[in-house]
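Just so you know, ligand 1 is whichever comes first in the structure, and atom 1 is the first atom listed for that ligand.
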Amino acid sequence: VVTSRSAHGRGCARAAAAALTRAARCTMVSSDNGAAALPVGLRILDGGGSALDAVEACARMVEADLSEHSVGRGGLPNVLGEVRLDAQIMDGSTLRAGSVGAVRNCCHVITLARRVMDYTPHVMLVGDGAERLARELGIADAATPTTATSSTAPATSSSAAGAAAGAPLLTADAAAQWRRALEQQWPGLDTHSPTAKWRESQDPQLPPLRRWAEILRPRPVLPDHWFGTVNFMAVDQHGALATAVSTSGWGWSYPGRLGDSPVIGAGGYADSRYGACACTGTGEVAIRTAASRSVVLYMKMGMGVREAVKEAVSDLLDLRDPYSAHINIIALDKDGQHAGCSFRPEKMYAVMRSGEAAAAMCPHHNPHPWHTGEVGWLQCECADILVPSSTRRELLHPRCGLAIFCHYSTAYCLIFSREGTCGCGLPDKHQRQTDDVNKQARL
Ligand code: ASP
């Protein structure tokens, strides 16, 4: 092919402009605890690397951070004091995905999930099988067993620099939190040997394990140090999308519990033709509505990213489960537009694009327009109790069966009814008359 010099020049300019446009689309979005890792991901994307490599590299950084008690080494244990990690990764261009659950011997479960995707014909491996794969591939980097009763927990654990390969996943900080949670419920409990005691089912003094998991169940209104997950989404120079999710799951949960994080379509999903989505919070409800897949599907059906997220929140509210209000959703579309939705007014997510020096924190959209921060009173529909909205608790009304759930309640309350009414309460600083409050409490 022979071209004149000027034609060649114009061609180069066009190619450069196209490359610039593509590069400008490189965007990463993460849950708030992933913000510090985003510059690492952006460097990969700006260098022409894939979205998949970027999200994996970012998740690995957080997994190694001992001060992050929701992910990787340093994560919170289950009720037996064992740290078990879950993760998923998804390539939006091929819809290939890999996930692992209940892993004890590998801190970088995001990489293990990617190996499941790349090296096996499967999508999901859990427990022994996942741990075996980690050993086979030489990426088992944590000592097991990792119970809080074990003396192998390192003495110090607050450094953000990570720990030597081979150290247990359970750190001294996380073990101390686990002990405190148990001892608060049962003063005098010997937390150095509860695992052994629980196995002796004849002991009449000890409630069965499922009762303990229930006692220690985080109330939806508690601050989320019981929970936590890190999510990353990226769109690269080629327009490919990927998602990575990594977590130690719900603290003090029943052994064997898996949340949404390793479930493709629940905790995360990516399809480069439309967008990507990931969730944090109480995974049970995100599994029930297939929340992440739903968001991407809503985008496929023509909704914008924000509208799609709001629609998924409305699916969650349809469950009429107080835990629905403990879900945070973030999403990124193929053009780099992003949105987040959370019932917690203070909750943020992080975004970083090519050319930016650091991640920017963005507020989530709040599902209800009335999160005014006012404190007041709510009334249930059968009109015989008043709940101060500053009370941090759930109530199940004995007569009408209305569950009144005051969530981060200086800001707002949610009302879930067995009859199918799902309402919201607007706190009223002037404590208006019952009728007015009741009117406002209904949607
Ligand atoms: N979604 C995680 C789980 O259910 C926990 C969290 O994000 O807080 O395991």
Is there a nitrogen or oxygen of Thr282 sitting under 3.5 Å from a nitrogen or oxygen of ligand 1?
->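 No; the residue has no nitrogen or oxygen that sits under 3.5 Å from a nitrogen or oxygen of the ligand.
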
Is there at least one pair of N or O atoms, one from Gly281 and one from ligand 1, spaced under 3.5 Å apart?
->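 Yes, there is a polar N/O contact under 3.5 Å.
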
Could a heavy atom of Gly267 be found less than 4.0 Å from some atom of ligand 1?
->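 Judged by the 4.0 Å heavy-atom criterion, Gly267 does not count as contacting ligand 1.
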
Check whether any side-chain N or O of Asp141 sits under 3.5 Å from a backbone N or O of Cys107 as a donor-acceptor pair, and report yes or no.
->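 Here the side-chain-to-backbone pair exists.
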
Could you give the side-chain donor-acceptor pairs of residues 130-139 under 3.5 Å, partners two or more places apart or in another chain?
unit_1, atom_1, unit_2, atom_2, d
Glu131, OE1, Arg104, NH2, 3.0
Glu131, OE2, Arg104, N, 2.8
Glu131, OE2, Arg104, NE, 2.9

What atoms in ligand 1 come closer than 4.0 Å to a heavy atom of [X]?
X	value
Thr280	7 (O)
Thr229	1 (N), 2 (C), 5 (C), 6 (C), 7 (O), 8 (O)
Gly249	9 (O)
Gly259	4 (O), 9 (O)
Ser261	1 (N), 2 (C)

When rounded to the nearest 0.5 angstrom, what distance separates NE2 in His69 from CD in Gln177?
->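 His69 atom NE2 to Gln177 atom CD measures 5.0 Å (nearest 0.5 Å).
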
Does Lys300 come within less than 4.0 Å of Asp271, counting only side-chain N to carboxylate O?
->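 Answer for the salt bridge query: no.
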
Check ion pair Asp53-Arg114 (N to O, under 4.0 angstrom) =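 Yes.
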
What pairs with Ala270 under side chain to side chain contact (heavy atoms under 4.5 Å, CB included), at least two apart in sequence or on another chain?
->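 For Ala270, the residues satisfying side chain to side chain contact (heavy atoms under 4.5 Å, CB included) (neighbours in sequence not counted) are Met90, Thr243, Ala276.
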
